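Atom set for the values below is all heavy atoms of this structure, side chains included, hydrogens, waters and symmetry mates excluded. Not measured: the values here are computed from a predicted model.
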Amino acid sequence: TFLNLRDAAAANPDVQFIAVSHSDQGSTDRWLAALPDTPKNTQPNLQIVVDAEREAYAAYGLGISSFLHVLSPAGLSNLNKLGKEEGIWNRPTESGNRWQTGGNFGVDKNGIVQWSGKHQRADEMSDFKEGLSLVAAH
C-alpha cells in the first residue's frame with residue numbers, strides 16, 4: 001500500500017499525501033530503508049507520521065482486526081501471490097501491532113473526508129486514483 005501511495009504522490013505533486021505508521025520511529029525508519037527505490041520515500045508532498053500510540057488510527061475508526069481479517073484463506077493466498085509475483089513478503093513486526101487494521105482516507109481542502117477505504121482484509125489495497133478523483137470533485 002505504501003508503495004502505491006508513494007507512486008500516487010509522485011504522479012500528483014500538487015496533492016499532499018500522509019502515510020501513518022503504527023510502529024515506533026526506529027522501526028519505521030528501518031522499514032522505509034528496506035523498501036525498493038528509497039529515494040522515492042522523500043518527496044516534498046509525502047509526509048510520514050509515526051503514531052505508535054495509534055491515536056490517528058483510532059480517530060479514523062481503525063482498530064484491532066479480527067482473526068479473519070488477518071488470516072482469511074483468500075487473504076493469505078493473495079499475500080502469497082504478492083510475495084511470489086512482486087517480492088513483497090510480510091516481515092517480522094518490530095513494534096506496532098500486526099493486528100492493526102489499515103485504511104486510506106482522502107480529505108479535501110476544507111478538512112472533510114471525501115473518500116474512505118477501510119480495509120476489510122489484510123491483503124486489501126485501496127484505489128488511490130478513485131480517492132484522488134473523489135477528493136478533487138469537491
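Contact check for Leu46 versus Arg6: side-chain heavy atoms found under the 4.5 Å cut-off. Using a 4.5 Å heavy-atom cutoff, the side chains of Ile48 and Leu32 are in contact.
Atoms CG and CG, from Asp108 and Leu134 in turn, are 11.0 Å apart once rounded to the nearest 0.5 Å. Annotation: the span from Tyr57 atom OH to Asp51 atom CG amounts to 7.0 Å, rounded to 0.5 Å. Rounding to the nearest 0.5 Å places CG of Leu132 at 13.0 Å from CD of Gln114. Going from atom CZ of Arg30 over to atom CD of Gln25 covers 10.0 Å, rounded to the nearest 0.5 Å.
Remark: Lys40 engages Asp37 in a salt bridge (Lys or Arg N to Asp or Glu O under 4.0 Å) (not counting sequence neighbours).
Looking at every heavy atom in both residues, Ser116 comes nearest to Val113 through CB-CG1, 4.5 Å.
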Run Asn41 and Leu35 through side chain to side chain contact (heavy atoms under 4.5 Å, CB included) and show every step you take. CA-CA 9 Å; Asn41 295 343; Leu35 295 175; 4.2 Å; yes
Where do Trp115 and Ser126 land on the side chain to side chain contact (heavy atoms under 4.5 Å, CB included) test, with the steps shown first? CA-CA 10 Å; Trp115 171 67; Ser126 294; 3.8 Å; yes
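Side chain of Lys118 to backbone of Gly61: a donor-acceptor contact under 3.5 angstrom is found. The backbone N or O of Asp24 sits nowhere less than 3.5 Å from a side-chain atom of Ser27 that would complete a donor-acceptor pair.
The aromatic rings of Phe105 and Tyr60 sit tilted relative to each other, their planes meeting at an angle between 30° and 60°.
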Show which side-chain atoms of residues 7-21 pair as donor or acceptor with protein atoms under 3.5 Å away, not counting sequence neighbours.
{"residue": "Asn12", "atom": "ND2", "partner": "Ala8", "partner atom": "O", "Å": "2.8"}
{"residue": "Ser21", "atom": "OG", "partner": "Ser23", "partner atom": "N", "Å": "3.1"}
{"residue": "Ser21", "atom": "OG", "partner": "Thr28", "partner atom": "OG1", "Å": "2.6"}

